[in-house]
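Worksheet for the structure shown next.
All of these numbers come straight from a predicted model, not from anything done at the bench. Just so you know, ligand 1 is whichever comes first in the structure, and atom 1 is the first atom listed for that ligand. Nothing fancy with the numbering, it's 1 onward along the sequence.
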Amino acid sequence: MTNTCFSELGLAEPLVRALESARYSVPTPIQARAIPLLLAGRDVLGVAQTGTGKTAAFALPLLQHLSKTRAEGHPVRTRALILAPTRELAIQIADSLATYGRHLKLRHAVIVGGVAQGPQRKALARGVDILVATPGRLLDLMNQGQVALDAVSHLVLDEADRMLDMGFIRDVRRIISAVPGRRQSLLFSATMPGPVERLAREILTEPARIEVTPEAVTVDRVDQRVRRVRAEHKRALLVSMLADPALARVIVFTRTKHGANRVAAHLLKAGIVADALHGNKTQSARQRALARFRIGQARVLVATDIAARGIDVDDVTHVINFELPNVPESYVHRIGRTARAGAAGAAISLCDSSETEYLRDIERLIGRRLEVVNDPHPAPDVSERELRSRPATKRRPRRSRRRRRSAAAA
Ligand code: AMP
């Protein structure tokens, strides 16, 4: 159930299964937009920073293309080249490829400076499907005749603006000139200074431009609270909260489409006019629901993260996170639906014991603790102590720095 969103984007079963193990359930906005385009073979220009999920956005379609076109029994040739400005980023990308491609038989190698060339030469001689490289070392090995790029059909340039800052653009051009012109090309960059725009024009063919800028909302203008509650009491709590007429125009967020349907049906039964908005609804049903919400015919809109993208309704008084998002950036996007156009707004998150970790991630991203309201009714199933048992400063290693950066951006 949780992975329907990824499979709806057109990803094959082994990839969806790997994402499930990695506990990705909902695609991030850049993934939702880029994956279908990339699977269809388009070139893409992605204006996005680290922390948006851009790696999976390009890696998943890439793995899918390569696994479909791999000829069994033939020597493995390099068909994809991913260029990254730093060794750390290259290694991170390779880790992601290993995670997402765990059920596929594709080989990759990381070609970066600062380490011995021997093992890299050996890997190249054995044959790899995907090369993840920093420009300097790759050029070195190319000059030694160790690298064949003549079978490359997919090219990814990640963090192009940093390549520019680090003085790699000329090396990048040299490398790309060794790649066949018939290929799918992607360029990702957090910013688009002139030289990067020019490079993009040179290497991309009729690209789709996808921009994922950090939400402009000042998170600080939104009054944010957390209510601790048992999962099975959430619906009753939601209905009792909605007894307050101050909750005049409310978006309720769920993680899944089924969840959205269930909550909307429950509200209707309780006499509260609510519509569900999610990807399984037809375009016209979605537009109808939005229109009813906009003109106040429906007081509540129950939405999934993806369906809520781009919802632009003023005067949303409250955002209620019926379920906390498992991608913390989604929290910022969600609460950005309220407090628009200078208005005040409130966001209330219903947190059950299984969501404690999500709450941590959110607090880390926004860089502060959220006020937790103790709900006398119904009795919470998670103690304040449990909720606060791990300090927000204790970060999981791989995500930490990026999360902090995103927090600064938000
Ligand atoms: P990136 O922007 O590619 O560096 O990714 C940022 C972080 O988000 C990484 O730790 C990813 O593992 C994680 N991530 C990416 N996409 C998702 C998703 N759909 N669900 C959960 N986590 C994700």
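Note on ring orientation: taking the six-membered ring where Trp is involved, the planes of F188 and F58 are tilted (angle from 30° to 60°).
Under the 4.0 Å criterion applied to side-chain N and carboxylate O atoms, D165 and R162 are not assigned as salt-bridge partners. Remark: R230 does not engage D352 in a salt bridge, criterion side-chain N to carboxylate O under 4.0 Å.
Partner of E371 under the side-chain contact (heavy atoms from CB on, under 4.5 Å) criterion, out of R227, Q224, R225: R225 alone. Each of V152, L149, I82 was evaluated against L131; a single residue qualifies, L149, per the side-chain contact (heavy atoms from CB on, under 4.5 Å) test.
For ligand 1, the polar-atom distance check against R23 finds no nitrogen or oxygen pair separated by under 3.5 Å. Between V26 and ligand 1, an N or O atom pair is found at a separation short of 3.5 Å. The shortest N or O to N or O distance between Y100 and ligand 1 is not under 3.5 Å. Where the criterion is an N or O separation shorter than 3.5 Å, residue side chain and backbone included, P27 fails it with respect to ligand 1.
Residue-level proximity to ligand 1 for T55 is carried by backbone and side chain together, each with a heavy atom below 4.0 angstrom. The proximity of Q92 to ligand 1, defined as any non-hydrogen pair under 4.0 Å, does not occur for either the backbone or the side chain.
Distances below 4.0 Å separate heavy atoms of G53 from the following atoms of ligand 1: 1 (P), 2 (O), 3 (O), 5 (O), 15 (C). The distance from ligand 1 to the heavy atoms of V327 drops below 4.0 Å at these ligand atoms: 18 (C), 20 (N), 21 (C).
Summarising the contacts of atom 13 (C) of ligand 1 with F58, F188, Y24, the nearest heavy atom is found in Y24.
Within the model, atoms CD of Q64 and CG of L38 stand 11.0 Å from one another, a figure rounded to the nearest 0.5 Å. Taken from OG in S185 to CG in L155, the straight-line distance is 5.0 Å, to the nearest 0.5 Å.
Every heavy atom of N326 sits 4.0 Å or more from the atoms of ligand 1.
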